[in-house]
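Atom set for the values below is all heavy atoms of this structure, side chains included, hydrogens, waters and symmetry mates excluded.
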Number of protein chains: 2
Amino acid sequence: MKRPDPFQALCPTRRILDRIGDSWAVLILIALGSGTLRFNALKRRIENISQKMLSQTLKSLERDGLVRREVFATVPVTVEYSLTDLGRTLSQTVNQLTLWAEAHIGEIEAAQQRYDRGEGATEPEGRAAGGC
Amino acid sequence: MKRPDPFQALCPTRRILDRIGDSWAVLILIALGSGTLRFNALKRRIENISQKMLSQTLKSLERDGLVRREVFATVPVTVEYSLTDLGRTLSQTVNQLTLWAEAHIGEIEAAQQRYDRGEGATEPEGRAAGGC
DNA sequence: CAGAATCCCTCAAGATACTG
DNA sequence: CAGTATCTTGAGGGATTCTG
């Protein structure tokens with residue numbers, strides 16, 4: 001049997017990779033990883049996301065079966081978003097990535113400074129490394 | 001201590017996530033995961049990548065300390081690319097993602113069809129439709 | 001509150017051509 | 001072979017406005 005080849009542009013696996021490539025989608029997955037959230041709560045949680053991108057990304061995540069959308073007929077209407085079982089497994093996998101990032105961010109920044117020092121970096125760099 | 005918060009736009013962790021978001025970078029990481037490759041070999045391996053994006057992405061991966069570039073003074077010149085130790089650990093982490101993708105592509109495609117069909121059903125279908 | 005619909009504009013990526 | 005240097009485009013995303 002043939003395994004999916006991510007190097008071929010039309011490969012389904014490639015499509016998943018592209019979804020991960022969507023920064024907003026990943027942030028939503030992470031945000032919902034710690035529990036159900038309403039639309040505006042999600043918007044407040046993820047700094048700088050526009051409501052357009054939020055609703056658009058949520059819709060495509062729902063379409064992929066990763067996020068569940070529940071509407072409650074209150075006044076005004078209430079909409080809750082949560083991860084499906086499938087979404088939860090992806091969210092956990094993505095979390096591995098953020099763990100890697102947190103563990104290795106220091107090495108990466110060190111490498112960058114080394115690199116920039118080797119090439120024609122004429123600017124006196126004053127960047128502070130470390131957490132947020 | 002303060003943990004990195006990926007929801008803040010300037011967070012280092014967010015920058016790593018964005019790097020993963022770079023589809024070409026991920027494909028290069030995967031390609032080099034199975035061994036050293038020369039520039040044009042890499043280009044042949046990854047369908048549809050332009051030489052511009054290849055050299056550009058390689059440069060930033062090198063800057064991040066993920067990829068090692070070695071030049072041999074042959075005629076014409078030979079350049080070999082390989083993963084650093086750091087790059088290898090990231091490549092393996094990314095591989096988890098492709099494994100997830102291969103395992104769940106069927107569920108996702110089923111969900112999409114359900115959604116496109118007027119979002120009536122809620123039954124989880126386990127049928128696999130993947131494969132390139 | 002939870003979105004849909006518009007306009008608008010940048011900038012990332014492709015195509016092409018040239019070089020050491 | 002292994003790149004660099006321009007030019008051009010188009011679609012992704014921001015800002016804004018409107019609605020059930």
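- Between A/Tyr81 and C/dG3, a side-chain N or O to OP1/OP2 separation shorter than 4.0 Å is present.
- Among the nucleotides D/dA2, D/dT16, C/dA17, the one closest to the side chain of B/Thr78 is D/dA2.
- Within the 4.5 Å cutoff, the side chain of B/Lys43 has no heavy atoms near those of the B/Ser50 side chain.
- Look at B/Arg38 and you won't find any side-chain N or O under 4.0 angstrom from OP1 or OP2 of D/dC1.
- Using a distance-only test at 3.5 Å, with no hydrogens or angles considered, no donor-acceptor pair links the side chain of A/Ser91 to the main chain of A/Gly87.
- Test A/Leu66, A/Thr84, A/Leu86 against B/Glu107 for side-chain contact (heavy atoms from CB on, under 4.5 Å) and you get one pass: A/Leu86.
- Taking every side-chain heavy atom of B/Lys52 into account, C/dA15 is the closest of C/dG3, D/dA2, C/dA15.
- Between B/Arg69 and D/dG3 there is a side-chain polar atom (N or O) within less than 4.0 angstrom of OP1 or OP2.
- As judged by a 4.0 angstrom heavy-atom cut-off over every strand, B/Lys59 is placed among residues touching the sugar-phosphate backbone only.
- When distances run from any side-chain atom of A/Ser55 to the nucleotides D/dG3, C/dG3, D/dG20, the shortest one goes to C/dG3.
- For the OP1/OP2 pair of C/dA15 and a distance below 4.0 Å, the side-chain nitrogens and oxygens of B/Ser50 include no atom meeting the criterion.
- For the pair B/Leu54 CG and D/dC1 C1', the interatomic distance rounds to 13 Å; values are reported in whole Å.
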